[in-house]
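Below is one structure, written out as structure tokens; the observations come after it.
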Amino acid sequence: MDAEEYLSVLNPEQREAVEHDGSSLLILAGAGSGKTRVITTKIAYLISQKHVDPYSILAVTFTKKAANEMKERAVLLEERASYAQIKTFHSWGAYFLRRYYHEAGIDKNFTVYDDDDMVQLVTKAIPSITKKDAAQIAHKISLAKDYGLTPLSEDFSVIDADEDFAYYYDAYQKRLRETGNVDFGDLILLPYLVLQSNQQIRHQTHLRYRVVMVDEYQDSNVAQYLLLQQLSGIEDEAGVYVCVVGDDDQSIYKFRGAEVQNILNFKTQFPGTSLVRLQTNYRSTSEILSCADSVVKNNSDRLGKTLVAERGKGKKPTLVFLPNQDDETEFCADLILNAHKNGVPFADWAILYRTNAQSLGFETTFLHRKIPYQVVGTLKFYEREEIKDALSWLSFLANPRDEIAFRRIVNKPARGVGDTTQDKIVNASLGQSILIGAKNVKLSKKAAEGINFFCALNEELSSLLIEDEEKSKGRHLSEFVEETIKKSGLEEYHKSQDEVAGTQKTNNLQELINSAALYPCTKAGLLEFLDHIELDRTLENEDDQSNQDRVTLITLHNTKGLEYHRVIITGMEHGVFPRENKSGDELEEERRLFYVGITRARDELYLTSCAMRRMYGQTKYMSPSPFLNEIDKSLLRVLGKKPDLFAPGANASQDPVAQKWRVGASVYHDDWGHGQIVNGRMSEEGEWVISVRFENGGIKKFLPKYQKTLMIENGD
């Protein structure tokens, strides 16, 4: 495509970002501002107009879907973009480690351990701890790697104040290295450590990559920032062009290790950086964007921007106050069904909530009222038992040092090889093939028969892999996967489960076989297949639901990058959204999450808030989310009975007394006993007045600021 043809469709800010060169560039891309178009156009522009070798371009993002879309769109604009490396952060890390495995201290044929594998390895590295503790330690080890910390790091206070954590981390890492494998954190941390410590490899990498682009930079963690520093050659003055794209207002993954300070401090970390703001929004109407802006501007940690709607004014967002969560689900059902009678497809609607547990009421109501729906964020395809079993077999065939895979499959179906026998074999095999170690261990007759069968089966299956790709023409890896599933006994094992689950599990195994048809029946093909799967674990099983008309039920976190014509954000109550006891940076992230939810809506936005909600086995009185008070009331159409906390002119959301003594809080009075605050309002004198319902049924009013015999319970 001619360059002027694809440049002419850009707005001035987009074009400025595309044509920028020289210093580093930060593109601050607001929601719905066309950032993917800018990135893909910039790649094409660099190749066609700046004569940059596509081989020297590295562009990374966070999901396989985003990487694929980026590559496809770049190639449509410039065919030579197919030679650029456009990958996820983690898949690039795997690519790098396949090349420099020796320097990284790992096995050439490494596989990637997921969260469950990590937990199991922790239990083997530290036998004295419980599985529950192992899960917590594994999570903290992942976080440590996200922060760029190794077992030799001096300060783990950001991860865990426990003095034993360094020991646990070290024991786990030693055991992991003995297997020759890596975990997800290693896919970022190890390339960083190799580049940092090896000048020759660092120099080679700088010669290879002259342009490095990072998408969704607000989702990057500390280790990814450190890796970017090494790739950029900023310390070596290598002159690599660095361009990052992101939105500080959409940084919502702190719990996964994402660090919003990466994007906020980019200009400081990369001196001379230019900043381009993309502020024209092509998704939502101005009424919706004004609502979003009035919320997020309350955050102090942001670079600042104001989105402008290309589509015009639109319909005013609606805030609905409801008595309880059952009324909330019925209201949503009525809204959707009435719209459907007027020709609005079910698929136009998305119901957003803060936690997965909130979906249950909607599922029940929608089933009774015959509203088709899909729940996004349920069990992922690659996390299902039968799929993990099959993948463990494939992982072990690729790398016979893989302890976690061995333990999962050696006795499934049962072969008389229990935990004690497995421990003996693994301990005799550390640093070498488990199949070799198995031959040097004295076992009982039953265990020996089982392990001999297992070893023979491994040899038989391994022989089916062809070494030379030229000789594999006409044979696909799917044949190998199918043979592995059948001969290992997994197919029969899962078919013999209960009839319904068995049928589904067999179908899932068949889908896994189908997905291997794109790879050659070689060792390299198997490793490529496993890389693809392990790095895609977060994706759902992609059944074709594109033509099915159904409402989407989805958590706010899962909506990132999506859009819907009509959005309902539910559970807008203190303690639900934002979650309990959030303050400072955590409250700012919750606010950004609300901003993300609002900006998913194209045409219509609804917010629902309940006066009471069933929580933790009891009905609790709720107060409106403090975020609702941050929205200019002129921007909302309000339905239902307004709570006192939402009274026009009340400044309860900023008043510390009102925040402490809020509706729903549990209290104790020396004379009246235990109770709960059921109402709160600001008096004409500016004093916060509460009504408390006590266990004896009586309701009393107090000025809590002056009430010494009334106490907040449970640290609320």
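For clarity, every value in this text was computed on a predicted model and none was experimentally measured.
- Taking both residues in full, the closest heavy atoms of Val260 and Ser251 are given as CB-OG, 3.5 Å, listed atom of the first, atom of the second, then distance.
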| said: What verdict does the side chain to side chain contact (heavy atoms under 4.5 Å, CB included) test give for Thr570 and Ile351, after you've listed the backbone C-alpha separation in whole Å, the side-chain angles of each residue and the deciding distance to 0.1 Å? | reply: CA-CA 7 Å; Thr570 61; Ile351 292 182; 3.8 Å; yes
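- Counting all heavy atoms, side chain and backbone alike, Arg302 lies closest to Val296 at CD-O, 3.5 Å.
- A donor-acceptor contact under 3.5 angstrom links the side chains of Thr355 and Gln358, judged on distance only.
- In this structure, Trp349 CH2 and Leu553 CG are separated by 13.0 Å, a value rounded to the nearest 0.5 Å.
- Here Glu563 pairs with Arg283, Arg602 under the salt bridge (Lys or Arg N to Asp or Glu O under 4.0 Å) rule; sequence neighbours left out.
- Counting only heavy atoms from C-beta outward, the side chains of Ser625 and Glu573 never approach each other to under 4.5 Å.
- Of all heavy-atom pairs between Gly597 and Val567, the closest is O-CG1, 4.1 Å.
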| Stepwise, does the side chain to side chain contact (heavy atoms under 4.5 Å, CB included) test hold for Tyr282 with Asn11? | CA-CA 11 Å; Tyr282 296 93; Asn11 66 39; 2.8 Å; yes
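- Between the side chain of Lys388 and the main chain of Glu386, no donor-acceptor pair closer than 3.5 Å is present.
- Between Tyr217 and Phe266, the ring centre distance stays below 6.0 Å.
- Judged by distance alone, with hydrogens and angles left aside, the side-chain atoms of Thr61 form no donor-acceptor pair with the main-chain N or O of Thr88 at under 3.5 Å.
- The backbone N or O of Tyr253 sits nowhere less than 3.5 Å from a side-chain atom of His557 that would complete a donor-acceptor pair.
- The two residues Val667 and Val692 make their nearest non-hydrogen contact at CG2-CG1, 3.5 Å.
- Using cut-offs of 30° and 60° on the angle between ring planes, the pair Phe362 and Tyr353 is parallel.
- In this structure, Phe346 CZ and Phe366 CZ are separated by 9.5 Å, a value rounded to the nearest 0.5 Å.
- Salt bridge absent: Asp248 and Arg592 never bring a charged side-chain N and a carboxylate O closer than 4.0 Å.
- In terms of modelled atom types and a separation under 3.5 Å, the side chain of Glu287 and the main chain of Lys315 share no donor-acceptor contact.
- The pair Glu586-Lys254 fails the salt-bridge criterion, with no side-chain N (NZ, NE, NH1 or NH2) lying under 4.0 Å from an Asp/Glu carboxylate O.
- Inter-residue side-chain proximity for Ser623 and Pro643 is flagged as unmet; no heavy-atom pair is nearer than 4.5 Å.
- Counting only distance, with no hydrogens or angles, the side chain of Thr329 and the backbone of Asp326 share a donor-acceptor pair below 3.5 Å.
- Ring pair Phe627/Phe594 is parallel by interplanar angle, where below 30° counts as parallel and above 60° as perpendicular.
- Summarising the geometry, atom CD1 belonging to Ile598 is positioned 6.5 Å from atom CG belonging to Leu607; distances are rounded to the nearest 0.5 Å.
- Atom OG1 of Thr365 and atom CG of Asp334 lie 10.0 Å apart (nearest 0.5 Å).
- Note on Asp247 versus Lys35: no salt bridge recorded, every NZ/NE/NH1/NH2 to OD/OE distance being 4.0 Å or above.
- Asp215 places no side-chain N or O within donor-acceptor distance of the main-chain N or O of Phe62, the cut-off being under 3.5 Å.
- Proximity of Tyr606 to Cys332: side-chain heavy atoms (C-beta onward) are nowhere separated by under 4.5 Å.
- The shortest side-chain heavy-atom distance between Leu628 and Leu319 falls under the 4.5 Å cut-off.
- Between the side chain of Ser609 and the main chain of Met572, a donor-acceptor pair closer than 3.5 Å is present.
- Classification of Lys297 and Glu630 as a salt-bridged pair fails, no side-chain N sitting under 4.0 Å from a carboxylate O.
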| task | Could you go through the side chain to side chain contact (heavy atoms under 4.5 Å, CB included) check for Val222 and Asp146 one step at a time? | result | CA-CA 6 Å; Val222 172; Asp146 288 345; over 6 Å; no
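- At least one donor-acceptor pair under 3.5 Å links the side chain of Gln224 to the backbone N or O of Asn221.
- Within the 3.5 Å criterion, the main-chain N or O of Gly304 finds a donor-acceptor partner in the side chain of Arg277.
- Closest of all the heavy-atom pairs between Trp688 and Leu703 is O-CD2, 3.6 Å.
- Taking 4.5 Å as the limit, some side-chain heavy atom of Ile554 sits within range of a side-chain heavy atom of Leu562.
- Here the CD1-CZ distance, from Ile699 to Phe694, works out to 10.0 Å after rounding to the nearest 0.5 Å.
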| message | For Gln261 and Asp301: C-alpha separation, side-chain torsions, deciding distance, then whether side chain to side chain donor-acceptor pair (under 3.5 Å) applies. | response | CA-CA 8 Å; Gln261 295 301 323; Asp301 255 354; 2.9 Å; yes
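- Taking CG from Leu28 and NZ from Lys305, the interatomic distance works out to 5.0 Å, rounded to the nearest 0.5 Å.
- Surrounding NZ of Lys316 are more than 12 heavy atoms belonging to other residues, nucleotides or ligands, all under 6.0 Å away.
- You'll find the side chain of Thr599 stays beyond 4.5 Å of the side chain of Asp249, heavy atoms only.
- Formation of a donor-acceptor pair under 3.5 Å by the Tyr147 side chain with backbone atoms of Phe156 is not found in this model.
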| message | Determine whether Arg566 and Ile336 satisfy the following criterion, side chain to side chain contact (heavy atoms under 4.5 Å, CB included), listing intermediate values before the conclusion. | response | CA-CA 10 Å; Arg566 294 165 173 83; Ile336 292 167; over 6 Å; no
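- Heavy atoms only, all atoms of each residue included: Cys291 and Ile631 are closest at SG-CD1, 3.7 Å.
- Considering only heavy atoms from C-beta on, Glu13 comes within 4.5 Å of Thr280 through its side chain.
- Residues Leu710 and Trp661 are in side-chain contact: their nearest non-hydrogen atoms beyond the backbone lie under 4.5 Å apart.
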